[in-house]
Novice: 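Got a structure here, written out as structure tokens. Questions coming.
Residue indices begin at 1 and follow the sequence shown.
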Amino acid sequence: GVGTRYPAYATSMGRALLAFEGEDVWAHYLNTCTFTSFTEHTVTSKSELRRILEEVRKAGYAVIQDELDYGLISIAVPILDETGRSLAAINCSTSASRVGKDELIRTRLPALRNAARFIETGLRRQPFLLHSVHPG
């Protein structure tokens with residue numbers, strides 16, 4: 001619902017946001033976060049999460065399946081500023097019974113990437129809108 005919050009480590013959007021932050025943000029997050037398992041698949045290891053964030057940064061997207069809740073699969077891409085820092089993220093989620101990970105990536109990732117680039121272009125053309133997605 002509106003206003004629902006989930007921890008970044010267990011969501012595709014959270015991982016897409018974290019992956020494109022600096023080492024100082026990663027260190028702070030990993031050292032201050034309390035990791036709770038939502039399912040038996042939830043990644044709660046700091047070293048494993050760091051490895052995943054590095055993969056997300058290389059691939060440009062994050063995928064989770066059965067980590068926040070059983071049957072939930074989600075893919076997210078970051079919306080980046082001109083320096084490559086994350087401003088926001090967009091995602092698509094569905095039931096894992098409807099689509100597998102490979103199909104989710106194949107069918108949803110291109111649309112998410114196009115939407116993110118469209119938003120990034122709009123923010124660069126209208127920089128006064130940046131306060132809408134990032135306070136700094």
Side-chain angles (χ1 to χ4, degrees):
V2 175
T4 302
R5 292 180 179 227
Y6 297 110
Y9 67 88
T11 68
S12 62
M13 287 185 72
R15 290 179 183 179
L17 286 167
L18 282 171
F20 290 88
E21 289 292 340
E23 182 63 36
D24 57 329
V25 173
W26 284 18
H28 178 74
Y29 184 79
L30 293 172
N31 290 325
T32 60
C33 184
T34 302
F35 294 92
T36 302
S37 289
F38 294 94
T39 74
E40 65 188 33
H41 303 288
T42 307
V43 173
T44 58
S45 160
K46 293 177 184 182
S47 61
E48 178 67 4
L49 182 57
R50 179 178 285 280
R51 185 193 64 72
I52 289 169
L53 293 177
E54 290 170 355
E55 286 182 8
V56 170
R57 187 179 281 176
K58 288 177 189 169
Y61 67 92
V63 177
I64 61 117
Q65 182 172 353
D66 297 326
E67 290 194 51
L68 188 61
D69 196 5
Y70 292 105
L72 177 66
I73 187 168
S74 177
I75 185 168
V77 298
I79 295 170
L80 304 174
D81 68 13
E82 293 175 341
T83 69
R85 182 173 172 233
S86 59
L87 294 170
I90 56 175
N91 83 323
C92 176
S93 61
T94 190
S95 170
S97 65
R98 294 179 66 182
V99 63
K101 183 178 177 181
D102 291 340
E103 184 180 353
L104 183 76
I105 293 168
R106 181 178 53 78
T107 60
R108 283 23 175 240
L109 182 58
L112 286 171
R113 282 186 167 153
N114 286 339
R117 300 303 81 85
F118 181 79
I119 294 166
E120 289 168 354
T121 300
L123 290 172
R124 287 185 183 107
R125 287 184 180 155
Q126 307 292 330
F128 61 88
L129 294 175
L130 282 173
H131 75 279
S132 300
V133 293
H134 204 275

Novice: Show me the pairs that pass ring-ring contact (aromatic ring centres under 6.0 Å, His included) and involve residues 9-36, at least two apart or across chains.
Specialist: Y9-F35
Novice: In plain terms, say whether E55 and K58 are close enough for a salt bridge, that is, a side-chain N and a carboxylate O under 4.0 Å apart.
Specialist: no
Novice: Minimum heavy-atom separation for L80 and P78, please, with both atom names.
Specialist: CD2-CB, 3.7 Å
Novice: Check for me, please, whether Y6 and I52 land in the same ILVMFWY cluster - side-chain distances under 4.5 Å, paths through other members count.
Specialist: yes
Novice: What pairs with A76 under side chain to side chain contact (heavy atoms under 4.5 Å, CB included), at least two apart in sequence or on another chain?
Specialist: S12, M13, A16, N91
Novice: Testing the basics here: between R57 and E21, what is the closest heavy-atom pair and its distance to 0.1 Å?
Specialist: NH2-O, 2.5 Å
Novice: Can you tell me which residue pairs pass the salt bridge (charged side-chain N to carboxylate O under 4.0 Å, His left out) test with a partner in residues 101-120, sequence neighbours excluded?
Specialist: R117-E120
Novice: Working note: T36 + T44, criterion side-chain contact (heavy atoms from CB on, under 4.5 Å); need CA distance, chi angles, decisive distance, verdict.
Specialist: CA-CA 7 Å; T36 302; T44 58; over 6 Å; no
Novice: Determine, stepwise, if the pair S47 / S45 fulfils side chain to side chain donor-acceptor pair (under 3.5 Å).
Specialist: CA-CA 5 Å; S47 61; S45 160; 3.1 Å; yes
Novice: I want to check something: taking the side chain as every heavy atom from C-beta on, are S93 and L72 in contact at a cut-off of under 4.5 Å?
Specialist: yes
Novice: Kindly say whether D81 contributes a backbone atom to a donor-acceptor pair with the side chain of R124 at under 3.5 angstrom?
Specialist: yes
Novice: Enumerate, atom names and distances included, each donor-acceptor pair closer than 3.5 Å involving a side-chain atom of residues 62-71, sequence neighbours excluded.
Specialist:
residue, atom, partner, partner atom, Å
D66, OD1, G71, N, 2.6
E67, OE1, R15, NH2, 2.5
E67, OE1, V43, N, 3.1
E67, OE2, R15, NH1, 3.2
E67, OE2, R15, NH2, 3.4
Y70, OH, E40, N, 3.1

Novice: Applying side-chain contact (heavy atoms from CB on, under 4.5 Å) to C92 and L112, what does each step give before you reach the verdict?
Specialist: CA-CA 8 Å; C92 176; L112 286 171; 4.2 Å; yes
Novice: Considering residues at least two apart in sequence or located in another chain, which fulfil the salt bridge (Lys or Arg N to Asp or Glu O under 4.0 Å) criterion with E54?
Specialist: none
Novice: When you group the ILVMFWY residues by side-chain heavy-atom contacts below 4.5 Å and let the links chain together, are L87 and L17 in the same group?
Specialist: no
Novice: Of the non-hydrogen atoms in I73 and G100, which two are nearest, and what is the gap between them?
Specialist: CD1-C, 3.9 Å
Novice: Mind listing the closest non-hydrogen atom pair of L109 and I105 along with its distance?
Specialist: CB-O, 3.0 Å
Novice: Which residue pairs pass the salt bridge (charged side-chain N to carboxylate O under 4.0 Å, His left out) test when at least one of the two sits in residues 23-36, sequence neighbours left out?
Specialist: E23-R50
